Each structure stands twice: as C-alpha cells, then as structure tokens.
Enquirer: 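Before we start, here is the structure in question, set down as structure tokens.
Just so you know, these numbers use all the heavy atoms, side chains as well, and skip hydrogens, waters and symmetry mates. Chain letters run A, B, ... following the sequence lines, proteins first, then strands; residues in each count from 1. This structure is a prediction, so every number in the text was calculated from the model and none was measured.
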Amino acid sequence: MKGVILTAAPEARVIDLTHAIPPQDIVAGAYALRSATPYFPPGTIHVAVVDPGVGSKRRALLVETHDAFLIGPDNGLLGLAAAARAVVRTFDVSRSPVRRRPVSQTFHGRDVFAPVAAALANDTPPADLGTPTAPMHRLRLPAPSRRGQTVVGRVLWIDHFGNLITNVGRTHLDHATFRGRRVSVRIGDHVLRLRSSYTSGPAGKPLALVNSLALIELALPHGSAAATLGAERGARVVVEAS
Amino acid sequence: MKGVILTAAPEARVIDLTHAIPPQDIVAGAYALRSATPYFPPGTIHVAVVDPGVGSKRRALLVETHDAFLIGPDNGLLGLAAAARAVVRTFDVSRSPVRRRPVSQTFHGRDVFAPVAAALANDTPPADLGTPTAPMHRLRLPAPSRRGQTVVGRVLWIDHFGNLITNVGRTHLDHATFRGRRVSVRIGDHVLRLRSSYTSGPAGKPLALVNSLALIELALPHGSAAATLGAERGARVVVEAS
Amino acid sequence: MKGVILTAAPEARVIDLTHAIPPQDIVAGAYALRSATPYFPPGTIHVAVVDPGVGSKRRALLVETHDAFLIGPDNGLLGLAAAARAVVRTFDVSRSPVRRRPVSQTFHGRDVFAPVAAALANDTPPADLGTPTAPMHRLRLPAPSRRGQTVVGRVLWIDHFGNLITNVGRTHLDHATFRGRRVSVRIGDHVLRLRSSYTSGPAGKPLALVNSLALIELALPHGSAAATLGAERGARVVVEAS
C-alpha cells in the first residue's frame, strides 16, 4: 500500500497509525480510527483496512467529511470516525477509475484504497474517484441497557495491554443512580471499583476507569486484566452504585 | 538503523514495510519482499534484515536491479525479489568502506546494511560500496510435485492472521487435471474447497484460495486457519480435482 | 501522538523506533532508547511512552542533553539514555503551557509529551516548556555481584526473539578470573558457553554472547532461548570460567 501511494503521490507523507488491531477485529479498528482522527491536521486522508469481507460485494467507500477523508471497506470500520464529524458526501469507489487492474480478490488495500488515497493526495476531486452512494453500513455494536439501578454492558474488545474495553460510557454514569456515589463493575465473580486513573487503586488489584475514549475500561496496572479476570471479548459487565 | 540512515542521508525517506515477519523466518521475509517491491517507485532502496546467520561468514549483499536496489544478508532473503527483476550486478558489501567500525557480531543491519543504504540514497555509485561478487545463494524452498491427478506441496509459512501459505501456485492449477473442475486441498484430515475469495465459502468453514502472491492459501474467514486445522509450517498439502 | 505532533509542527519527521516493547516493561524500553539514541542525528527529539504510572503524581520530564532531547515519564524510562550523554538541564513539563487541556488521566503521550515534542521541533526554547527540576528518578536495576570466581546476575528482559538479556556486561568479563579462559553461563539446570556470535556454537544449542548493548545475552539460533530454557524475566544467571 505504501509503495502504491508513493509511486502515484511522491510527496505524500505516509504515517502508520497502529499495528496492534487484532486480526479482523472491525470494532477495535473502528475505535482506533475514531480515537485518532480528531488529532490529525485538517485535510488528512485516513486509509483503514480491516477487511474480512474483501472479495465479496461489500462496497469500498470514500467518505468526505468537513475536514478529512476516510477510505476503507463498508463494514462499519469507518463508522465511528465518520459519526464524529460532519459527513459531506459518501462515494462508492469499488470501481474507481484509479483502481489497479485487475483488482485482486484478497487485497483491496493495495488495489483500491491506496490508489484512491494517492489520487486525493494529488488533489483529484473526490467526485472523480467514485459514484455518490447511500450512507455506509452502521457498525452493529451491542448497546448497554439500564436495568433498575445498574447498567449492563459487554466487553467490546481487549487491547494490546490486556485491558478490557466495554461499551458502557461516561454518559451512562451521568445519571442520578451514580452521581456522587461509589461505582463498581462486576464481571464474572470479580467486582472492580471505578477509579480516576490506573494508579489510584491498591497495588496489584484490577480496577475500572473511564478511558481516553470515554468508555469504561477494566485494567490491571502492571499486568493483564484479561488474564487475571479470565474474561473474553463479549463478556457481560454490570455497572452499579454501592 | 533508521538513525544511521538519517544521520548520513538526512533527506532520505524511511518507510517500514512490515513488522510481522516471524522471528528468523527467511521464507516469510523473502515473500514479503517479493510481494512488496514491485509496487514501490523506481530507484527505491530496499533493506531487509532477517539474519539468523549474522556474525558468520555469510556475505552481505547489495543487488542492483534494473530499477531498484536490494540490500541484506546472503541467506536467500533477497532471492525471490531479485528473481522477479533484471539483476544488473551483485556486490559483496561485507567490508564496505562505508560500514560502521567495529562491525558488531550481532547487528549488521545497523553497522553494514544501513550505511550502504544511506550511501546509495546519497547517490554513491554501487561499485564504490563493495566488490563484485557471484550471484547470491538461492532460497532452498521445498518444490511441489505432481503425483498422478494430484499436486503435493507444503505449508511455507503461517501469517499474522493464521492463514497457511503453501508452495502450490496458480501455475500448478493451469493443467488439464484441474481445468474446469472443482479443486480441493487436503491437509491432515481436512478437505478444503478452492474458492475465489475469503467470502465465497460457507460461513465458519476453512477454505482455500489463490492469494495475492499467486500461491494457494488456506484460510478461515473471521478466524485462524492454523488453529482450526491444527497445522504447522511444513505440513503436507494435497491438491486434487474432484 | 503523531497527529498532535504533525498538527502543531507540520514539518516534523516522525520516526517509529520500535513496536516491540512488552507492555509496561520500563527496563526493556529504557534499553531500547539507550541503544538507539546514539545513532540519531544531533538535535533529535526522542519521545518515549512506557508509562504505567500515568495519572499519578509522577513528573513528566524534558531532558536537554548536549545534542538531543528526551521526553517521557519520570519512571526511569529515560535514565539509561540520559546517563550516556551530557545532561544540560532537566525540566518538569507536567503542567507545560503547551499541554492539551484537559490532560487525560490515561494518555499523557498524547496530551503532554507530544505537544512538548512539537514545540521543541518548532524551536521553542526548552525553558519555556516547563520548570527546572531535580534530576530524574533512577531506574532501579538489579546489580550483578561477584562471588568468588563467579558473577551472579539476573535476566533483565526477554526480547521479541526469545533472547534473554542479562544485567552482566562486558565489563564484568574484563577481570583476571575470566581473561583468556572459557566462560560459561549457568541458568537453572542449563550451562551455556559464551561464544562470539549467534552462529559460532553447535547447531541447535543455546549459547551466550555479548550483544550489541555490551550485555550478556542467552540465545538459541533459529529458536527461542526463553522457551528452550524455560526461563523467565528475573531468573538467576551465574557466569563462571571453566
């Protein structure tokens, strides 16, 4: 992909965002993109490839927002980053005039997304790179639910450090049930206190905190919460005041 | 290595190709290089270091091709990329005048390959960087064999996704035995249908396909074929028409 | 972090040093930084984030040396790189005027270190970025000890290849006990000969060598010494002449 971009757009600067997305984990990729895009300069072209559906009929998308471009498969990967910005137009670039031919059945990053990114870097108007299309498919995320005095959610993914990121966010805590009270998170047989940072609990104990994505995360300072809690992606978490 | 290059050649652009070569896996490295080099701009200097023999008498090579340079150990790593291009000259740069001294016994990437790459980036003629030498050592790869109506091959390496890449290529399928027929791949007790893409088989089932290197690959969409098939590098595969 | 740097300092060149530091392993990070910094051009701004104490009262440091800058948490991570250079001044940048506000409790790389690095790249004087502060905390490393004819040390960390890096250095071998004699390293029930390179021992056998950091390292060519020796971080090693 880098070679394709630099061949077509020699002045482009190619930046690696992360090498730590678990294979085929669209949700982890979508959050990584959502968390990084706001910090890049206006006009940045973000190319993302977590693409287990490559070779199927899924669309290849170019999303033009008020201050950036997002390119990738139409599988939800771009959804969170797009939802956080003003989307101007969305194009289907599956059959973009700049695609490499023949397009392989296994690697659209190289054959479709990278050529489109390079063309944008060369100031090609987005409308020349694809056809206007309907909004992208939404990322289907499990939604947390309020049950009495608790919020019940799930582990969305497990990061490189073994931290468990849940779908319960800061906004769920902004509710009469929780305000001014101690908050705990139950997962399996474990109960973790919500703390303000990784270092504000007792040493060696797993804890919960609101992370830099504004989501509740379960962590073990200097260790792996996933290993200690024996929990997996999709595990149920119950947030409660005590 | 990046520091050495940027100190000597401040205008050089340093691009990471991959961080996912399994430790000391020369075959995986050779294929990664082979698959990426065609897509880079003419004149690109490719430096590769999968170098378990560092500190031995193995040569350090600079290969000049019609449109690129390849630098690395003489252990086969450069072989597939070189074979795909017109090689002009090969130099032994083990004792290059630009090497860092003393050359460590454990890290020629820093002390030999990077200084040679930087000198090339500064337009030093390749002949000033080493001595003409015989062609490089070939990568010894197991060759698939045709047995009656089948082709018998091996798993060359297992990638980051758990996909198994075999030494049976598209060219083996271009034979009367297979033409116009269903093709299957047997590995251990498993039989996998050859499909056109990762998504064209039944959900949750491992399948075979011809990948972007034109090699038959065994994959499990949304999972790890290696884990599901219980197969390792070197495992035997039998390709047959049915 | 890259987005924050490039937004504030569009001309900065951002280089990835390594993606292979084990999570929260300050010692491995400190050695990686120590081993890489000498090879970068004068004036390089090195930003390092292995930061299990983020959110606590630990200082955020900017270390100005005679020819480079080091930025990171005050947990020992910068210590080995700083000790190898002439330190001019040290600043506490925890409340730097260029920090992003609010500073998150979980990611000072983005909110503190990256903005400080970008300001330096824009030639802001270091004294404008923080307040002069006392020298940094030292990295607490286990010290090897001489016992009769032996040196007793520990495994400091295990690298990406499964090599075990110990705290016994070349300087410990420069002693009458060892000079001109065969040297071995005992670990558990294993005895490894000290060799000059990865390739100078018998095939398939683990060996010891002095690595590019001048530390004794235990390695298995074409394999993982950690797996073969069954050894972990902190394991005891005994270096002896025979």
Side-chain angles (χ1 to χ4, degrees), chain B residues 1-29 49-60 73-77 94 99-115 117-118 121 160 233-234, chain C residues 2 11-21 32-46 67-68 81 158-163 165 170 194-201 203-204 207-228:
Chain B
M1 291 178 64
K2 291 174 183 174
V4 167
I5 291 170
L6 291 173
T7 299
E11 301 302 314
R13 302 179 69 184
V14 182
I15 304 287
D16 291 329
L17 201 55
T18 171
H19 303 285
I21 306 299
Q24 310 172 337
D25 193 331
I26 295 166
V27 172
V49 193
V50 181
D51 195 9
V54 62
S56 72
K57 296 281 180 198
R58 68 106 187 84
R59 294 176 298 178
D74 184 22
N75 60 12
L77 180 62
S94 307
R99 73 190 186 278
R100 298 189 72 256
R101 270 164 272 199
V103 170
S104 81
Q105 294 272 44
T106 56
F107 193 8
H108 288 189
R110 179 190 66 194
D111 295 341
V112 178
F113 307 143
H160 175 61
R233 208 184 142 157
Chain C
K2 292 174 182 173
E11 300 303 313
R13 300 180 68 185
V14 182
I15 304 288
D16 290 329
L17 201 55
T18 172
H19 303 284
I21 306 299
L33 204 59
R34 163 71 184 87
S35 64
T37 48
Y39 300 99
F40 277 83
T44 296
I45 301 159
H46 300 279
D67 70 346
I158 298 174
D159 76 11
H160 175 61
F161 296 98
N163 299 327
I165 293 89
R170 178 179 284 131
L194 187 77
R195 307 282 183 178
S196 61
S197 78
Y198 293 113
T199 56
S200 44
L207 53 80
L209 50 67
V210 177
N211 70 12
S212 59
L213 295 168
L215 295 176
I216 290 183
E217 175 180 314
L218 313 183
L220 175 64
H222 299 273
S224 164
T228 297

Enquirer: A side-chain contact here means heavy atoms from C-beta on lying under 4.5 Å apart; do Tyr39(C) and Thr7(B) qualify?
Expert: no
Enquirer: Among Pro221(C), Ala219(C), Ser196(C), which has the most heavy-atom pairs under 4.5 Å with chain B?
Expert: Ser196(C)
Enquirer: Considering only heavy atoms, which portion of His19(C) lies under 4.5 Å from any heavy atom of chain B: side chain, backbone, both, or neither?
Expert: side chain
Enquirer: For Ser197(C) and Gly55(B), work out which heavy atoms get closest and say how close.
Expert: OG-O, 3.7 Å
Enquirer: Using the test ring pair (Phe, Tyr, Trp, His ring centres under 6.0 Å), find all partners of Phe40(C) that sit at least two apart in sequence or belong to another chain.
Expert: His46(C)
Enquirer: So which of Gln105(B), Gln24(B), Lys57(B) has the largest heavy-atom pair count under 4.5 angstrom toward chain C?
Expert: Gln24(B)
Enquirer: With sequence neighbours excluded, tell me which residues meet side-chain hydrogen bond (donor to acceptor under 3.5 Å, both in side chains) with Thr106(B).
Expert: none
Enquirer: Side chain, backbone, both or neither: which part of Arg58(B) has a non-hydrogen atom closer than 4.5 Å to chain C?
Expert: neither
Enquirer: Assess the residue pair Lys2(B) and Asp16(C) against the criterion (side-chain contact (heavy atoms from CB on, under 4.5 Å)); give the C-alpha distance rounded to whole Å, side-chain angles, the decisive distance to 0.1 Å, and a yes or no.
Expert: CA-CA 9 Å; Lys2(B) 291 174 183 174; Asp16(C) 290 329; 3.9 Å; yes
Enquirer: Side chain, backbone, both or neither: which part of Asp25(B) has a heavy atom under 4.5 Å from chain C?
Expert: neither
Enquirer: Under a 4.5 Å heavy-atom cut-off, does chain B meet the side chain of Ser212(C), its backbone, both or neither?
Expert: both
Enquirer: Non-hydrogen atoms of chain C under 4.5 Å away: do they reach the side chain of Pro10(B), the backbone, both or neither?
Expert: backbone
